[in-house]
Amino acid sequence: VGHHGHPQPGLPLQMVVWDEPSFQGKKREFTAACDSTAECGFGTVRSFKIESGAWAGFEHSGFQGQQFVLERGEYPCWEAWSGSNAYHVPRMGSFRPIACADRRDSRLALFEHENFLGRKGELHDDCPSLPALGWGGSAVGSFLVRSGAWVGSQYPGYRGFQYILESDSHAGRYPHVRHWGSHAQTGQIQSLRRVQH
């Protein structure tokens, strides 16, 4: 572990999961993606600890459904990872590492319309409120992730549905709302932050 408790580059990714809340029941360690917790021989994930790396968690198997950014720390119950009692996702069906997370070098361009058209904005830092920054309206049409990994949230203050945007996925190109995830219904994103590695 390097300065300030950050893992050194190249440190193995590690996620420890339990099939009961509060780190109880059956326990298993993962160091790579799991397409389906059932097929990985682990019924339901109800609590977990991220020992190193940044991970993306998904409501359903096959990396489908609601998305959650999982950074170093403890997640004793579903409220801890869903970030809101409004979205009841009591278990995770699949998860994978976010390989390109890099807080020191994260750059993203956002566009008013799909296919990278219309008004453009650039971010190099966390933004708790796009409207407060002067971004008109609540929607974003498309994203171009130049480096690093970002999580966009439906509401200011990183609340609501989460969308994971990565520079090494789709070559960083997200031309339409449907590319953000299977749960994306609208282009409403009002806060963005860099994923912690």
Side-chain angles (χ1 to χ4, degrees), residues 33-36 54-71 78-79 81-103 105-197:
C34 172
D35 181 70
S36 161
W55 297 70
F58 298 83
E59 181 180 8
H60 304 303
S61 61
F63 314 119
Q64 299 294 304
Q66 280 192 52
Q67 305 173 1
F68 306 99
V69 169
L70 314 171
E71 291 152 322
W78 67 267
E79 292 94 340
W81 71 74
S82 68
S84 167
N85 293 348
Y87 310 110
H88 191 102
V89 181
R91 63 181 68 86
M92 271 192 303
S94 55
F95 46 85
R96 60 174 176 75
I98 301 175
C100 64
D102 182 357
R103 279 181 64 81
D105 181 25
S106 296
R107 293 183 301 125
L108 167 144
L110 55 156
F111 299 83
E112 187 180 12
H113 303 304
E114 57 190 63
N115 296 315
F116 320 113
L117 297 171
R119 187 172 164 229
K120 177 185 174 186
E122 295 258 2
L123 287 180
H124 304 270
D125 208 344
D126 299 351
C127 177
S129 172
L130 282 174
L133 204 66
W135 186 260
S138 62
V140 176
S142 46
F143 286 102
L144 195 53
V145 185
R146 301 188 194 283
S147 58
W150 297 74
V151 55
S153 299
Q154 188 181 8
Y155 302 118
Y158 317 116
R159 293 178 301 110
F161 284 125
Q162 297 181 0
Y163 304 99
I164 300 163
L165 308 163
E166 298 158 276
S167 60
D168 65 356
S169 180
H170 316 289
R173 297 168 66 85
Y174 294 83
H176 187 275
V177 63
R178 68 175 170 270
H179 296 111
W180 305 353
S182 61
H183 65 312
Q185 304 294 318
T186 74
Q188 182 169 321
I189 284 189
Q190 295 189 296
S191 50
L192 285 151
R193 68 175 179 82
R194 300 161 297 164
V195 175
Q196 298 264 17
H197 193 47

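With respect to F143, the ring pair (Phe, Tyr, Trp, His ring centres under 6.0 Å) criterion is satisfied by exactly one of Y174, W150, F116, W180: W180.
Residue K120 comes nearest to A109 through the heavy atom pair CE-CB, 4.0 Å, listed as atom of the first residue, atom of the second, then distance. Listed here is the closest heavy atom pair of G148 and V145: O-CG1, 3.6 Å. G118 and H113 make their closest contact through CA-CD2, 3.6 Å (heavy atoms, listed as atom of the first residue, atom of the second, distance). Here the closest non-hydrogen pair linking V151 and Q162 is CG2-CB, 3.8 Å. I98 approaches A56 most closely through the heavy-atom pair CG1-N, 3.7 Å. For A149 against A101, the heavy-atom pair with the smallest separation is CB-CA, 4.0 Å.
For the atom pair L165 CG and I189 CD1, the distance stands at 6.0 Å (nearest 0.5 Å). Rounded to the nearest 0.5 Å, atoms NE2 (H179) and NE2 (H170) are 7.0 Å apart. Atom OG of S61 and atom CZ of F95 lie 12.0 Å apart (nearest 0.5 Å). Here R193 contributes atom CZ and C127 contributes atom SG; the two are 13.0 Å apart, rounded to the nearest 0.5 Å. Between the CD atom in Q67 and the NE2 atom in H183 there is a gap of 4.5 Å [rounded to 0.5 Å]. In this structure, CD in Q66 is found 11.5 Å from CZ in F58, a value given to the nearest 0.5 Å.
Remark: the backbone N or O of G65 is paired with a side-chain donor or acceptor of S182 at under 3.5 angstrom. Side chain of S191 to main chain of Y158: a donor-acceptor pair is present (N/O by atom type, distance under 3.5 Å, no hydrogens or angles). In terms of modelled atom types and a separation under 3.5 Å, the side chain of S94 and the main chain of H60 share a donor-acceptor contact.
Residues I164 and V69 meet the side-chain proximity criterion, which asks for heavy atoms closer than 4.5 Å. Side chains of L117 and F111 form no contact here, defined as non-hydrogen atoms less than 4.5 Å apart. In this structure, V140 and L192 have side chains that are not in contact, with every pair of non-hydrogen atoms separated by 4.5 Å or more. Annotation: side chain of L144 is in contact with side chain of R173 (closest heavy-atom distance under 4.5 Å). In this structure the side chain of Q188 reaches within 4.5 angstrom of the side chain of Y155, judged on heavy atoms. Between D125 and R194, the closest side-chain pair of non-hydrogen atoms falls below 4.5 Å. Taking the side chain as every heavy atom from C-beta outward, L133 and L123 approach each other to under 4.5 Å. In this structure the side chain of N115 reaches within 4.5 angstrom of the side chain of P175, judged on heavy atoms.
A 6.0 Å sphere centred on CZ of R96 holds more than 12 heavy atoms belonging to other residues, nucleotides or ligands.
Below 30°, between 30° and 60°, or above 60°: for F161 and Y163 the angle between ring planes is between 30° and 60°, a tilted geometry.
Legend: residues meeting salt bridge (Lys or Arg N to Asp or Glu O under 4.0 Å) with E114, ordered by chain and number and at least two apart, are absent.
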